[in-house]
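Since the structure comes first, as structure tokens, the remarks are kept for the end.
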Amino acid sequence: MSTQSSRAAARLMLSPTVILLLIWMIVPLAMTLWFSFQRYNLLYPERSGWNDFANYTRFVASPAFMSAIANTLILVVGVLVITIVLGILIALLIDQPLWGQGAVRILTISPFFIMPPVAALIWKNMFMNPTNGLFAEASKFLGLSPYDFLGQAPLASIILIVAWQWLPFATLILLTALQSLSSEELEAAEMDGAPAIKRFWYIMLPHLARSITVVVLIQTIFLLGIFGEILVTTNGGPGTASTTLPYLIYKEALLDFDVGTAAAGGVVAVVLANIVAFFAMRAIGKNLEG
Amino acid sequence: MARHVTTRRKAINTAAAWSVAILLFFPILWTILTSFKPEAQAVASPPIFLGFDWTLQNYIDVNDQRDYFRFFWNSVIIAVGSTVLGLVIAIPAAWSMAFVPGRKTKDLLMWMLSTKMMPAVGVLVPIYLIFKTLGLLDSRIGLVIVLTLMNLPIIVWMLYTYFKEIPGEILEAARMDGASLASEILYVLTPMAIPGIASTLLLNIILAWNESFWTLNLTVSNAAPLTKFIASFSSPQGLFYAKLSAASTMAILPILVLGWFSQKQLVRGLTFGAVK
């Protein structure tokens with residue numbers, strides 16, 4: 001099929017995508033890199049010029065930086081653990097014979113389609129609010145004093161909100177993988193008297209390995225950029241208790257107008273993401289071979 | 001699974017699964033219920049589940065006072081615009097990689113996906129400044145451009161996955177029967193490609209509709225879509241639970257329904273066919 005002319009046509013058809021993505025990647029990255037070495041504050045335009053590594057040292061030395069890195073990692077890992085463990089359990093449950101499986105599936109997957117600011121505000125106002133949220137009402141009903149979720153445990157609360165949004169995705173992917181498992185293998189194991197735990201550990205879990213990898217990869221890409229949920233719930237606070245790397249850079253750039261420092265932060269974020277991406281791409285590549 | 005289970009076992013499974021499903025769905029249900037409550041009953045203690053005075057007043061208020069449809073319309077234009085533009089650019093690319101693969105095709109695909117790994121926040125500053133210079137801040141065109149570029153790798157990958165599944169033998173058979181190139185494309189390939197293109201369209205509208213990093217940072221009010229509109233309720237003076245619920249319900253319902261219809265394709269589309 002691939003003659004000389006068809007190959008030339010293919011190259012022509014490919015070029016718009018390739019050129020656009022090259023521009024999209026190189027131009028802003030080059031600018032970020034350039035700004036990161038400049039003294040550049042929109043509030044003080046007269047103070048400009050080459051700044052060596054001052055932006056980096058300031059960004060990295062600020063107390064907010066270490067907590068932002070830690071919070072970002074805790075958020076990503078926390079949500080991954082919750083969604084994968086619960087996702088496997090729920091997928092196993094839904095995969096059992098039951099009435100109304102289609103409806104159960106639809107209800108379970110729903111949170112995935114809720115836009116982040118809506119999800120965050122539902123939880124903030126109607127569930128976690130310490131005066132009239134449903135959790136506070138439940139505590140009062142039980143005779144306990146209400147807990148201020150976003151004030152006392154901001155990061156854990158945000159993890160809960162984000163996990164609620166991503167649990168459906170993990171469940172759906174894992175359920176799909178479970179349903180492709182041949183029942184003969186399971187039945188044979190059952191005949192041989194293997195207990196449920198062993199059947200899960202030695203047959204189901206290895207079968208799920210590939211889909212778990214995919215869930216980890218895709219969720220990591222999206223979770224590293226979590227922003228809207230934090231903006232409408234805690235604004236990164238109290239203090240820096242729920243500030244993540246994206247939020248910190250947003251704050252430097254659009255609230256403090258310190259372009260130079262924000263750009264240095266952007267470079268740090270890109271480097272970190274590339275470390276994650278290196279492992280991610282290798283795993284995807286391996287998965288596609290099979 | 002064809003295994004035999006007792007009715008008792010099935011009843012227990014059903015009860016457990018429905019409990020989990022309703023628990024996960026409850027926040028959405030509660031929002032929809034709250035949207036029909038008078039503001040005073042929305043914050044009543046103890047909470048009122050169904051025995052409140054049902055009203056449509058919140059919907060009317062949100063539309064009248066808050067100019068809701070401008071934001072809704074912005075969301076539609078940005079989500080549909082960026083998806084369609086992305087498809088126009090990506091279809092030829094995915095097509096050529098699926099049917100005329102070269103030695104470098106796989107590397108090229110990987111590189112495209114890797115641009116998705118670039119964190120948006122890493123390029124926020126330059127994009128913001130470029131948009132400021134070009135007057136694209138708070139404009140629909142600006143957002144369409146950014147979301148198109150952001151989702152382009154995903155669109156290419158999804159289409160590639162779907163196109164790859166079109167068997168090449170069918171093409172050869174049509175050619176044997178003496179079909180011309182035009183009729184080949186029109187009668188053989190297009191009908192087989194349309195389901196994949198439709199799924200890609202649907203999934204990307206969902207992604208673009210809910211995208212909030214760029215919409216929150218690049219818009220103020222003119223081009224602000226629903227994500228920005230809802231986020232504006234987070235300020236203290238905007239804490240009207242019933243009205244916020246009405247606005248939220250209108251913002252999520254269209255996409256929720258689209259999502260229910262596309263849940264099967266979602267697995268294939270978002271995992272690039274790696275999970276079956």
Side-chain angles (χ1 to χ4, degrees), chain A residues 2 6-7 10 13-14 16-17 21 24-25 28 31-32 35 90 93-94 96-99 104 106-111 113-118 121-122 125-126 132 134 137 172-173 176-177 180 183 211 214 221 224-225 227-228 231-232 246 249 253 259 262-263 266 269-270 273 277 281 287, chain B residues 1-2 5 10 13-14 16-18 20-21 24-25 27-28 30-31 43 45-47 89-90 92-93 96 100 110 112 114-127 149 152 156 206 210 212-213 216 227 230-231 233-234 241 248 251-252 255-256 259-260 263 267 271 274-276:
Chain A
S2 53
S6 75
R7 228 171 285 151
M13 286 157 81
L14 257 174
T17 301
L21 283 177
W24 169 240
M25 200 168 81
M31 285 173 76
T32 301
F35 290 149
I90 297 173
L93 177 63
I94 299 179
Q96 302 292 311
L98 53 90
W99 288 293
V104 164
I106 276 182
L107 290 181
T108 310
I109 184 81
S110 296
F113 305 112
I114 307 304
M115 56 174 66
V118 169
L121 284 179
I122 291 177
N125 292 329
M126 298 199 282
N132 52 17
L134 284 186
E137 296 288 350
L172 188 66
I173 303 292
T176 308
S180 73
S183 54
S211 50
V214 172
I221 296 179
L224 279 173
F227 174 79
L231 182 76
V232 301
I249 296 168
V259 175
V270 171
M281 301 305 281
N287 261 324
Chain B
M1 259 188 258
V5 279
K10 197 169 172 182
N13 289 341
T14 305
W18 274 91
V20 170
L24 280 173
F25 188 72
I28 300 168
W30 189 245
T31 307
V43 291
S45 172
I89 300 167
S96 65
V100 197
M110 279 304 178
M112 286 181 186
S114 76
T115 63
K116 192 72 199 151
M117 303 283 182
M118 181 176 72
V121 75
V123 292
L124 170 64
V125 173
I127 298 286
L149 291 170
L152 194 55
V156 171
I206 295 174
N210 289 338
S212 51
F213 181 79
L216 290 175
T227 43
I230 300 288
F233 278 87
S234 68
Y241 287 7
S248 298
I252 62 180
I255 279 323
L256 196 58
W260 286 344
Q263 49 151 335
V267 177
T271 64
V275 175
K276 292 186 184 92

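Just so it is clear: chains get the letters A, B, ... in the order the sequence lines come, proteins before strands, and each one is counted from 1. Because the structure is predicted, anything quoted here is derived from the model rather than measured.
Contacts between B:V156 and chain A at a heavy-atom distance below 4.5 Å involve the side chain alone, from C-beta outward. Using a 4.5 Å cut-off between heavy atoms, A:I173 contacts chain B through both its backbone and its side chain. Contact annotation for B:A16: both backbone and side-chain heavy atoms come within less than 4.5 Å of a heavy atom of chain A. The contact between B:L152 and chain A is made entirely by side chain atoms (from C-beta outward), counting heavy-atom distances below 4.5 Å. Using a 4.5 Å cut-off between heavy atoms, B:M118 contacts chain A through its side chain alone, with no backbone atom that close. Only the side chain of B:L124 comes within less than 4.5 Å of a heavy atom of chain A; its backbone N, CA, C and O stay farther away. Contacts between B:I206 and chain A at a heavy-atom distance below 4.5 Å involve the side chain alone, from C-beta outward. In this structure, the portion of B:V20 lying under 4.5 Å from any heavy atom of chain A is its side chain and not its backbone.
Chain A forms more heavy-atom pairs under 4.5 Å with one residue of B:A231, B:P47, B:P27 than with any other, namely B:P27. With chain B as partner, the option from A:T108, A:L121, A:V259 having the largest number of non-hydrogen pairs under 4.5 angstrom is A:L121. Ranked by heavy-atom pairs shorter than 4.5 Å toward chain B, the options A:L93, A:L231, A:L224, A:I90 are led by A:L93. Heavy-atom pairs under 4.5 Å with chain B were tallied for A:P16, A:P117, A:G266; the largest tally goes to A:P117. Of the listed residues A:N132, A:V270, A:L98, the one with more heavy-atom pairs under 4.5 angstrom with chain B than any other is A:L98. Counting heavy-atom pairs under 4.5 Å between each of B:V125, B:L149, B:I89 and chain A puts B:L149 at the top. When each of B:A93, B:A90, B:P46 is checked for heavy-atom pairs under 4.5 Å with chain A, B:A93 comes out on top.
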Worked verdict on B:I255 versus A:M115 for side-chain contact (heavy atoms from CB on, under 4.5 Å): CA-CA 9 Å; B:I255 279 323; A:M115 56 174 66; over 6 Å; no
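Residues B:V100 and A:A10 approach most closely at CB-CB, 3.9 Å, considering heavy atoms. The shortest non-hydrogen separation linking A:G228 to B:S212 is CA-OG, 4.3 Å. A:V104 approaches B:A17 most closely through the heavy-atom pair CG1-O, 4.1 Å. Closest heavy-atom contact between B:P92 and A:M13: O-CE, 3.4 Å. Minimum interatomic distance between A:P97 and B:N13 (heavy atoms only, all atoms of both residues): O-ND2, 3.2 Å.
Residues A:L172 and B:Q263 are in side-chain contact: their nearest non-hydrogen atoms beyond the backbone lie under 4.5 Å apart. Proximity of B:F25 to A:I106: side-chain heavy atoms (C-beta onward) are nowhere separated by under 4.5 Å. Looking at heavy atoms from C-beta onward, B:V121 lies out of side-chain contact with A:F227 at the 4.5 angstrom threshold.
Atoms CG and CD1, from B:L24 and A:I109 in turn, are 10.5 Å apart once rounded to the nearest 0.5 Å. In this structure, CZ in A:F113 is found 12.0 Å from CD1 in B:I252, a value given to the nearest 0.5 Å. With rounding to the nearest 0.5 angstrom, the CD1 atom of B:I28 is 6.5 Å from the CD1 atom of A:I122.
Side-chain atoms of B:Y241 do not come within 3.5 Å of backbone N or O of A:M126 as any donor-acceptor pair. A:T32 places a side-chain N or O within 3.5 Å of a backbone atom of B:G122 that can act as its donor or acceptor partner. At distances below 3.5 Å, not a single donor-acceptor pair connects side-chain atoms of A:S211 with backbone N or O atoms of B:V275.
By the side chain to side chain donor-acceptor pair (under 3.5 Å) test, B:W260 pairs with A:S110, sequence neighbours left out.
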